[in-house]
Asks: 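Sharing a structure with you now.
The first residue in the sequence is number 1, and the count goes up from there. For the numbers below, each heavy atom of this structure counts, side chains included, while hydrogens, waters and symmetry mates do not.
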Amino acid sequence: STAQIEDVRINVYNLAGELVRTLNPGAVPGGYTHYVPWNCANNSGQTVGSGVYIGEVVWGGRREFFKMAIIKGSGL
């Protein structure tokens, strides 16, 4: 069976709940693992600070959340 292709959006929030960055990888096929690069910049192009951020993946009327950490000096 062919997995449905969905338009995906990834929102990155700081712990205060403020939107930091939106990534639009576009349409991706379901049923696979996809990697979306983020250069650690906010929507204004400025590099974000070290800390914990919340990611939200939105597709097909669904959403899932995940946590990530940015550690300065880690080569990012």
Side-chain angles (χ1 to χ4, degrees):
S1 65
T2 303
Q4 185 172 353
I5 295 177
E6 297 279 1
D7 191 38
V8 173
R9 184 177 77 244
I10 300 169
N11 296 313
V12 179
Y13 300 93
N14 61 23
L15 290 181
E18 299 165 329
L19 180 64
V20 172
R21 179 74 185 265
T22 298
L23 303 167
N24 294 94
V28 298
Y32 298 91
T33 299
H34 298 277
Y35 296 92
V36 178
W38 175 37
N39 63 359
C40 299
N42 63 20
N43 282 332
S44 299
Q46 299 170 312
T47 302
V48 301
S50 295
V52 177
Y53 293 83
I54 304 298
E56 175 191 34
V57 182
V58 182
W59 78 102
R62 296 183 56 193
R63 63 185 57 207
E64 294 287 335
F65 293 92
F66 61 94
K67 286 193 278 190
M68 67 184 109
I70 302 297
I71 303 167
K72 294 289 180 131
S74 64
L76 297 175

Asks: Shared ILVMFWY cluster between V8 and I54, side chains joined below 4.5 angstrom?
Replies: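 Different hydrophobic clusters.
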
Asks: When hydrophobic residues are tied together by side-chain contacts of less than 4.5 Å, even through go-betweens, does V52 share a cluster with F65?
Replies: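 V52 and F65: one cluster.
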
Asks: I need the full list of salt bridge (charged side-chain N to carboxylate O under 4.0 Å, His left out) pairs touching residues 53-64, with sequence neighbours left out, sorted by first then second residue.
Replies: E56-R63, R62-E64

Asks: Say whether R21 and N39, considering side chains only, have a donor N or O and an acceptor N or O under 3.5 Å apart.
Replies: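 Judged by distance alone, the side chains do pair up.
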
Asks: Give the cluster check for V58 versus V28: same hydrophobic cluster or not, with ILVMFWY residues linked at side-chain heavy-atom distances below 4.5 Å.
Replies: no

Asks: Is any side-chain heavy atom of I70 less than 4.5 Å from a side-chain heavy atom of W38?
Replies: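 I70 vs W38: side chains touch.
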
Asks: Looking at V48 and A41, what are the two nearest heavy atoms and their distance?
Replies: CG1-C, 4.2 Å

Asks: Apply side-chain contact (heavy atoms from CB on, under 4.5 Å) to L19 and list each qualifying residue two or more places apart in sequence or on a separate chain.
Replies: N11, Y13, T22, N43

Asks: Quick one: side-chain hydrogen bond (donor to acceptor under 3.5 Å, both in side chains) pairs with a partner in residues 25-34, sequence neighbours left out?
Replies: none

Asks: Any donor and acceptor pair, going by atom type alone, linking the side chain of T47 with main-chain N or O of C40 inside 3.5 Å?
Replies: no

Asks: Grab the two heavy atoms, one from F66 and one from V57, that are nearest each other, plus how far apart they are.
Replies: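 Shortest heavy-atom contact: CE2-CG2, 3.6 Å.
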
